[in-house]
Amino acid sequence: MAEEFRYALIVLGVLAMAGLALHGWWSARKASQQAQSRFMPEEKTSGESGEGFDEYGVGKKRKLAPGEKPQPKPAPSVAPRSDRLREPAKKFREEREKVQPVHEEPSLSFSAADDAEPVTETAAADEGPSEVLILYVLVPEGQDINGAMLLPSLLTLGFKYGEMNIFHRHLDNAGSGGVLFSLANMFNPGTFDLEEMDRLQTRGLSLFMTLPGPGEALQNFNLMHSAARKLADEFGGQVLDNTRSVLTVQTTRHYVEKIREFQRQQLIRG
């Protein structure tokens, strides 16, 4: 039960990050267009104001006829806000409010006796902190990853459809054992429906692994990195890091160092 909650929070977190990134990119682009359209005319008219142009730089000034009223100044235009771009963050907040009360009481799901609760709390404290490593596969704008082509590729890479309606790479290729890393839809709804895979069209995939996890962490990351590169090559996309920048050799080494540092801290905590 606790593992399901963890996957749910991870998937929701990935969706929120992708949604906020798209919202930030759209806002910055819109603000740039507004600034260009609003201030460029003023710069032009400032140099021509002494040559007979009106304050808007549209035409020459003219005298008003007797009884004629001056035209009112146009109201500044305000770009309409898009509610669609706020939906990922809004949905994440709503889902987090639903999941949070359940996540606060994990011991209730595992308590078999009245005296088992202190043991569960102690075990949760001994687990220590966790770390999530994320890679993205994103195809260029105007292109899509087709579900009918994606499914056989995932099966070839050893993924199995499972909990949370996403794909998992298990310790055993047969689909048993612990989960090494998982794959979700980068865009809403974040999950996959096997019955609708033929109709699936998405621009991105999210691969993530949790530390600590089963098996050897560096080997698991190498498998996840290799799977991301193969999917990117097959669908003509790029592998991105957790900041949605193109993954380079330097950022790959940063992931490796992060894993090694996490393992060192685990050894120190005993």
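Predicted, not measured: the structure shown is a model, and the values here were computed from it. Start at 1 with the first residue, then count along the sequence.
When all heavy atoms of Gly236 and Pro140 are compared, the pair lying nearest together is O-CD, 3.3 Å. For the residue pair Asn242 and Met17, the shortest heavy atom distance occurs at O-CE, 3.8 Å. Scanning both residues, Phe187 and Gly204, for their nearest heavy atoms gives CE1-N, 3.4 Å. Shown here for Ala227 and Phe159, the closest heavy-atom pair between the two residues is CB-CE1, 4.2 Å.
Cluster membership check: Val139 does not share its hydrophobic cluster with Ile134, using side-chain heavy-atom separations under 4.5 Å among Ile, Leu, Val, Met, Phe, Trp and Tyr. Linking Ile, Leu, Val, Met, Phe, Trp and Tyr residues whenever their side-chain heavy atoms come within less than 4.5 Å places Leu200 and Val137 in a single cluster. Hydrophobic cluster membership is shared by Tyr136 and Phe208, with clusters built from Ile, Leu, Val, Met, Phe, Trp and Tyr side chains linked at under 4.5 angstrom. If you chain together hydrophobic residues whose side chains sit under 4.5 Å apart, Leu138 and Leu150 never meet in one group. Leu171 and Tyr161 fall within the same hydrophobic cluster, defined by Ile, Leu, Val, Met, Phe, Trp and Tyr side-chain heavy atoms under 4.5 Å apart, directly or through other members.
Applying the side-chain hydrogen bond (donor to acceptor under 3.5 Å, both in side chains) criterion to Glu163, with sequence neighbours excluded, gives no partner residue.
Side-chain contact between Ile259 and Leu133: present, with at least one pair of heavy atoms (C-beta onward) separated by less than 4.5 Å.
Atom CZ of residue Phe167 and atom CG of residue Leu205 lie 10.0 Å apart, to the nearest 0.5 angstrom. Atom CD of Gln250 and atom OG1 of Thr252 lie 10.0 Å apart (nearest 0.5 Å). One finds the CG atom of Asn185 at 8.0 Å from the CG atom of Leu15 (value rounded to the nearest 0.5 Å). We find the CD1-CG distance between Ile166 and Leu154 to be 11.5 Å, quoted to the nearest 0.5 Å. Rounding to the nearest 0.5 angstrom, the gap separating the CZ atom in Phe181 from the CE atom in Met224 is 7.0 Å. For the atom pair OG1 of Thr202 and CZ of Phe192, the computed distance is 7.0 Å after rounding to the nearest 0.5 Å.
Using a distance-only test at 3.5 Å, with no hydrogens or angles considered, no donor-acceptor pair links the side chain of Asp144 to the main chain of Asn146. No side-chain donor-acceptor contact under 3.5 Å links Thr251 to the backbone of Leu247. Of the possible polar contacts, one joining the Ser153 side chain to the Met149 backbone as a donor-acceptor pair under 3.5 Å is found. No donor-acceptor pair closer than 3.5 Å links the side chain of Ser226 to the backbone N or O of Asn222. Side chain of Asn220 to backbone of Pro214: a donor-acceptor contact under 3.5 angstrom is found. With hydrogens and angles ignored, the 3.5 Å screen pairs a side-chain donor or acceptor of His170 with a backbone N or O of Gly177.
The closest side-chain donor-acceptor pair between Gln266 and Arg269 falls under 3.5 angstrom.
Atom CZ of Arg264 has more than 12 neighbouring heavy atoms from other residues, nucleotides or ligands inside a 6.0 Å radius. Enclosure of atom CZ in Arg244 by more than 12 non-hydrogen atoms of other residues, nucleotides or ligands within 6.0 angstrom is indicated.
Under the salt bridge (Lys or Arg N to Asp or Glu O under 4.0 Å) criterion, the residue pairs touching residues 188-207 are Glu196-Arg199, with sequence neighbours excluded. Screening residues 234-256 for ring-ring contact (aromatic ring centres under 6.0 Å, His included) gives Phe221-Tyr255 as the qualifying pairs, with residues at least two apart or on separate chains.
A salt bridge is absent between Lys258 and Glu261: the closest approach of a Lys/Arg side-chain nitrogen to an acidic carboxylate oxygen does not fall below 4.0 angstrom.
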